[in-house]
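Any value given below was found using the heavy atoms of this structure, including those in side chains, with hydrogens, waters and symmetry copies removed.
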Amino acid sequence: MISASEAKKLCPEIVLQHVATFREGEGGKWAYRNDAFKRMNTDKVCLDPYRAESRKILKVMKEELSRWQRELVGGEQGAGAQSPIQHAGLEKASVDEVFIDLSSLVHGVLLQRYPELRAELQGDDRVTPLPVPPTTALEWNSEDCLVDLDENETEVDDPDWDDIAMLIGSEIVRSVRAAVWDRLQYTCSAGVAKNKMMAKLGSSCNKPNKQTIVRNRAVQRFLGGYKFTKIRMLGGKLGDQVTAMFGTEQVSDLLKVSLEQFRAKLDDDTATWLYGIIRGEDKSEVNSRTQIKSMLSAKSFRPSINSVDQADKWLSIFAADIFGRLVED
């Protein structure tokens with residue numbers, strides 16, 4: 001994350017390509033230009049090429065998830081089952097980030113591979129224990145980066161069903177990443193965990209082109225090494241407020257604070273949320289977004305523009321930028 005000028009000092013032979021830009025007076029058409037880094041006053045960054053590739057990647061991901069679904073539905077029909085497998089929920093969080101809700105697919109694979117889980121409950125008995133998983137069920141792929149288990153947990157312990165669910169999730173995610181590489185030659189990093197917050201933290205651990213698995217039995221140790229300001233919603237004013245109140249940024253320190261102590265300094269809802277989030281509890285759902293609510297085209301002018309003529313040229317570029325995106329969508 002160093003600047004281009006610093007990179008050139010360290011490596012004089014480096015070839016750096018600026019992102020595509022719109023240029024004042026050129027009709028709102030973007031292009032890659034060798035001198036863009038020198039023309040901040042006349043050029044505006046254009047992310048259209050990235051958005052276009054992002055759409056391709058998303059399409060491949062959906063197709064690969066649909067393949068898993070078709071295979072499961074075919075297996076279910078063959079077994080004479082009544083309940084259809086639902087689509088995996090997919091939320092595009094940004095141009096290069098996506099959340100996938102694998103619950104339905106993982107559940108379908110579990111029932112397919114372990115028919116003993118299909119046993120119907122007797123009457124209204126909802127506390128019937130699940131059958132014990134086979135001790136040989138866990139065979140992690142050598143490419144998976146497993147977060148170390150919490151204290152008092154060992155790898156030789158017999159697996160629980162949530163371990164096996166996480167294993168299946170890692171298989172699906174690996175196949176999605178492989179499909180993106182095979183079709184488009186882009187690498188992806190990923191995090192596999194029980195909720196969005198944990199998965200997002202996991203995805204940044206082993207870049208590039210790796211996937212990190214945060215098992216339920218590894219959440220405590222995993223989060224203990226983080227600053228809570230790295231957690232979504234805690235990087236801004238609330239994070240600063242909590243840091244000032246408790247004199248620390250470390251999750252491990254906050255774990256010693258009781259819920260009552262949080263409530264004494266924060267409102268009840270925030271205190272309850274904070275107490276849970278630092279323990280890996282996140283109930284936010286994967287929201288499948290299909291429509292864009294707003295579009296923005298903007299530029300910070302350095303130096304400032306100071307004439308109606310300049311403003312007119314730039315308004316044309318902004319309009320062309322948004323027009324092009326609307327046409328594509």
Side-chain angles (χ1 to χ4, degrees), residues 86 88-104 106-107 146-153 160-163 165-166 169-170 173 189-207 211-294:
Q86 296 179 355
L90 196 145
E91 175 184 339
K92 184 178 178 181
S94 68
V95 74
D96 68 343
E97 183 176 38
V98 66
F99 290 106
I100 305 173
D101 181 355
L102 297 170
S103 309
S104 181
V106 168
H107 183 245
L146 292 172
V147 172
D148 290 339
L149 294 171
D150 296 339
E151 285 185 56
N152 305 320
E153 298 279 355
D160 201 348
W161 287 111
D162 60 346
D163 292 315
M166 210 69 77
S170 71
V173 171
S189 58
V192 182
K194 65 179 181 177
N195 57 43
K196 288 172 72 174
M197 184 266 284
M198 298 297 301
K200 180 171 173 58
L201 289 175
S203 70
S204 62
C205 286
N206 290 286
K207 292 184 175 183
Q211 60 185 48
T212 302
I213 317 299
V214 188
R215 292 164 289 178
N216 295 355
R217 296 188 294 142
V219 167
Q220 188 177 352
R221 174 169 289 182
F222 178 65
L223 279 179
Y226 271 91
K227 291 182 177 180
F228 59 78
T229 47
K230 296 291 185 185
I231 296 174
R232 186 171 168 267
M233 308 272 291
L234 280 171
K237 290 182 180 178
L238 178 57
D240 293 340
Q241 186 182 355
V242 173
T243 302
M245 285 176 176
F246 298 97
T248 182
E249 287 186 12
Q250 297 295 328
V251 170
S252 54
D253 293 331
L254 276 195
L255 288 171
K256 301 167 188 172
V257 180
S258 69
L259 180 55
E260 289 68 31
Q261 288 173 300
F262 281 133
R263 283 178 172 159
K265 297 189 176 185
L266 299 161
D267 66 79
D268 277 2
D269 287 346
T270 304
T272 303
W273 174 82
L274 179 59
Y275 184 83
I277 207 78
I278 60 174
R279 288 166 172 77
E281 297 169 14
D282 175 25
K283 293 182 171 59
S284 56
E285 296 183 11
V286 173
N287 298 311
S288 299
R289 295 179 184 149
T290 55
Q291 288 186 319
I292 296 173
K293 292 184 178 179
S294 63

Distance-minimising heavy-atom pair for [X] and [Y]:
X	Y	result
Ser252	Gly224	CB-O, 3.5 Å
Lys227	Val251	C-CG2, 4.2 Å
Phe228	Gly239	CE1-O, 3.8 Å
Ala193	Ala199	CB-N, 3.6 Å

Spacing of [atom1] belonging to [X] relative to [atom2] belonging to [Y], to within rounding of 0.5 Å:
X	Y	atom1	atom2	result
Leu146	Ser170	CG	OG	8.0 Å
Met245	Leu266	CE	CG	4.5 Å
Lys194	Asp162	NZ	CG	9.0 Å
Ser284	Trp273	OG	CH2	9.5 Å
Arg215	Asp163	CZ	CG	6.5 Å
Leu102	Leu90	CG	CG	9.5 Å

Does atom [atom1] ([X]) have a neighbourhood of more than 12 heavy atoms from anything else shown, all under 6.0 Å?
X	atom1	value
Glu97	CD	yes
Lys200	NZ	no
Gln250	CD	yes
Asn152	CG	no

task = State plainly whether the residues Lys196 and Glu91 are in salt-bridge range, i.e. N to O under 4.0 Å.
result = yes
Got a donor-acceptor contact below 3.5 angstrom from the [X] side chain to the [Y] backbone?
X	Y	answer
Asp150	Gln220	yes
Asn195	Gly280	yes
Arg263	Asp268	no
Asp282	Met197	yes
Arg279	Leu255	yes

Check whether any side-chain heavy atom of [X] lies under 4.5 Å from a side-chain heavy atom of [Y], and answer yes or no.
X	Y	result
Thr212	Val147	yes
Met233	Leu238	no
Val214	Leu223	no
Glu285	Asp101	no

Trace of the side chain to side chain contact (heavy atoms under 4.5 Å, CB included) decision for Ile231 with Tyr226 = CA-CA 9 Å; Ile231 296 174; Tyr226 271 91; 5.7 Å; no
query = Between Phe246 and Lys265, is there a cation-pi geometry (under 6.0 Å to ring centre, at most 45° from the normal)?
reply = yes
key: Residue among Leu254, Leu234, Asp240, Thr243 satisfying side chain to side chain contact (heavy atoms under 4.5 Å, CB included) with Glu249   = Thr243
